[in-house]
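Below is one structure, written out as structure tokens, with a few remarks after it.
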Protein chains: 2
Amino acid sequence: MRTAGQAEAPQKVPGNQPKTARGEATRKAILSAAERVIGAKGYNEASIGHITSEAGVAQGTFYIYFKTKEEVFSELVLEMGRLVRHTIADATQNIQNRLEAEKAGLSAFLEFVRAHPDLYRIVQEALFVDPEAYREYYTAFEDGYRAGLSAAEAAGQISAGDAETRAWALMGIARALGEQLVVFNTEKPIPDLVATAYDLIANGIKP
Amino acid sequence: MRTAGQAEAPQKVPGNQPKTARGEATRKAILSAAERVIGAKGYNEASIGHITSEAGVAQGTFYIYFKTKEEVFSELVLEMGRLVRHTIADATQNIQNRLEAEKAGLSAFLEFVRAHPDLYRIVQEALFVDPEAYREYYTAFEDGYRAGLSAAEAAGQISAGDAETRAWALMGIARALGEQLVVFNTEKPIPDLVATAYDLIANGIKP
DNA sequence: ATGAAACATGAATCAGTATTCATGTTTATT
DNA sequence: AATAAACATGAATACTGATTCATGTTTCAT
């Protein structure tokens with residue numbers, strides 16, 4: 001475990017790591033069922049019974065792999081964070097110009113959100129179920145974002161301005177548009193959303 | 001109703017409207033206690049017992065004024081919506097220039113959020129507890145926002161661009177900065193946040 | 001002043017559901 | 001093929017907490 005290669009937080013030990021292929025598969029099935037069920041019903045309405053029956057295992061099996069209901073939830077939030085950051089990093093890593101990277105990153109984020117609406121809602125709910133995971137999720141983002149903006153400013157690719165506040169504002173834009181897709185089911189195609197947002201981010205709205 | 005003047009939604013009948021001054025006071029006490037308790041602990045952790053004891057009344061008294069736990073929650077979300085819209089409308093109504101109005105509105109919003117952190121968290125949680133109230137909250141905002149942007153565009157006060165998407169993006173910025181205050185407890189003074197955000201909104205970040 | 005409507009009480013009900021556990025079954029190693 | 005460790009089961013436990021209700025108390029119109 002602790003996956004050399006990525007090196008994520010080494011703190012808390014998971015309930016139980018599977019030691020055979022069968023166990024591995026069962027754990028994954030439960031995690032994936034939890035994503036769907038919690039994403040759809042919310043944390044409180046989603047019972048262990050719902051999750052295990054969706055996963056096709058007995059109720060007690062859940063506790064072989066997770067200590068508590070909250071633990072599986074936290075794991076989902078962490079996974080969401082890793083996936084999103086990875087997706088965005090992939091989409092932007094070869095782009096030198098910051099403004100172009102901004103556009104590509106936003107687009108990749110929105111595609112991801114549309115493909116994983118459950119994970120999106122789970123992160124929202126983390127504010128109440130697991131506040132620390134929630135803060136970590138956004139703080140990890142903000143760290144990278146701010147660093148990118150500072151570098152771009154130093155390189156003269158963007159104008160001067162407080163990188164931290166800008167990072168939060170830009171994340172807010174992405175989040176709001178993601179919510180359009182997942183919660184409000186807008187008809188607008190992602191490229192249109194990205195185009196409008198990009199124009200706002202690059203040029204502002206002054207005449 | 002699309003809000004002529006005040007005229008809020010007349011649809012659903014509340015559990016029970018008080019008919020005496022005493023009842024009025026008790027109902028208000030419960031509602032206010034609910035705001036504090038639910039805001040602090042979240043919907044699920046906040047029990048009726050917590051709320052009534054915070055309000056200084058017996059448990060059964062709750063059900064004289066509210067049919068269910070969910071009903072008091074929904075009422076809080078509605079109240080939050082009314083208050084925020086009212087606050088922003090007040091702060092911007094005498095400002096002709098759209099960009100200036102944007103700045104004043106954002107500032108008023110952030111001050112409000114700082115003064116009512118509980119209400120802010122309650123709206124977030126509505127996505128799971130009462131999704132319809134959540135959508136109404138943001139849709140009501142968006143309606144006004146979009147109309148304002150369209151008018152400003154027609155008047156040549158801002159550049160051309162899709163008003164709906166812009167409205168969502170700008171709301172996203174406000175929301176993200178509000179979260180900075182309430183969830184992440186930033187040290188930055190509100191005027192600094194507003195200044196950075198305003199520069200972004202007006203001019204963008206291109207060099 | 002008085003009776004009916006409003007309001008208030010808090011103990012009892014009732015249901016849901018997270019978690020545990022005693023008991024089997026499967027897998028991997030020898 | 002035998003055995004210990006892993007894995008799986010689902011019924012039983014244990015507890016929480018929303019809602020109800022039978023019984024007072026207060027308010028107010030007459």
What pairs of nitrogen or oxygen atoms, one from the protein and one from nucleotides 23-30 of chain D, lie under 3.5 Å apart?
none

Polar atom pairs between nucleotides 18-20 of chain D and protein, under 3.5 Å, N or O only, would you list them?
| unit_1 | atom_1 | unit_2 | atom_2 | d |
| --- | --- | --- | --- | --- |
| D:dA18 | OP1 | B:Lys69 | NZ | 3.0 |
| D:dA18 | OP2 | B:Ile48 | N | 2.7 |
| D:dT19 | OP2 | B:Tyr63 | OH | 2.8 |
| D:dT19 | OP2 | B:Lys69 | N | 3.0 |
| D:dT19 | O5' | B:Tyr63 | OH | 3.4 |
| D:dT19 | O4 | B:Gln59 | NE2 | 3.4 |

- [ ] Find the distance A:Ile38:CD1 to C:dT17:P and express it as a whole number of Å.
- [x] 13 Å
For residues 177-185 of chain B, please give each side-chain donor-acceptor pair under 3.5 Å, one per line with the distance, not counting sequence neighbours.
| unit_1 | atom_1 | unit_2 | atom_2 | d |
| --- | --- | --- | --- | --- |
| B:Glu179 | OE1 | A:Tyr134 | OH | 3.2 |
| B:Glu179 | OE1 | A:Arg175 | NH1 | 3.2 |
| B:Glu179 | OE1 | B:Tyr120 | OH | 3.1 |
| B:Glu179 | OE2 | A:Tyr134 | OH | 2.4 |
| B:Glu179 | OE2 | A:Arg175 | NH1 | 3.4 |

Task: Sequence neighbours excluded, every pair satisfying side chain to side chain donor-acceptor pair (under 3.5 Å) that has a member inside residues 30-44 of chain B - done: A:Asn44-B:Asn44, B:Ser32-B:Arg36, B:Arg36-B:Glu54
TODO: For A:Asp90, check salt bridge (Lys or Arg N to Asp or Glu O under 4.0 Å) against everything at least two apart and list the hits.
DONE: none
Task: Ring geometry between B:Phe141 and B:Tyr138 (parallel below 30°, tilted from 30 to 60°, perpendicular above 60°) - done: tilted
- [ ] List for me each residue that meets salt bridge (Lys or Arg N to Asp or Glu O under 4.0 Å) alongside A:Glu125, sequence neighbours excluded, and say none if there are none.
- [x] none
Task: A:Glu71 CD - C:dA18 C1' separation (whole Å) - done: 14 Å
Open item on the list: Show me the pairs that pass salt bridge (charged side-chain N to carboxylate O under 4.0 Å, His left out) and involve residues 42-53 of chain B, at least two apart or across chains.
Closed with: none
- [ ] Provide the full list of side chain to side chain donor-acceptor pair (under 3.5 Å) pairs with a residue in residues 95-111 of chain B, sequence neighbours left out, each pair given once.
- [x] B:Arg98-B:Glu102, B:Glu102-B:Tyr145
Task: Protein-nucleotide distance (A:Tyr65, atom OH; D:dA6, atom P), rounded to Å - done: 11 Å
Using distance only, find each side-chain donor-acceptor pair of residues 55-62 of chain B under 3.5 Å and give its atom names and separation, not counting sequence neighbours.
| unit_1 | atom_1 | unit_2 | atom_2 | d |
| --- | --- | --- | --- | --- |
| B:Thr61 | OG1 | B:Ala58 | O | 3.3 |

Open item on the list: Using the side-chain hydrogen bond (donor to acceptor under 3.5 Å, both in side chains) criterion, which residues pair with B:Ser150? Sequence neighbours excluded.
Closed with: none
TODO: For A:Asp162, check salt bridge (Lys or Arg N to Asp or Glu O under 4.0 Å) against everything at least two apart and list the hits.
DONE: B:Lys188
- [ ] Round to the nearest Å and state the distance from A:Ile64 atom CD1 to C:dT20 atom P.
- [x] 13 Å
TODO: Five pairs at each end of the helix from C:dA1-D:dT30 to C:dT30-D:dA1: take the axis at both ends and give me the angle between them to 10°.
DONE: 20°
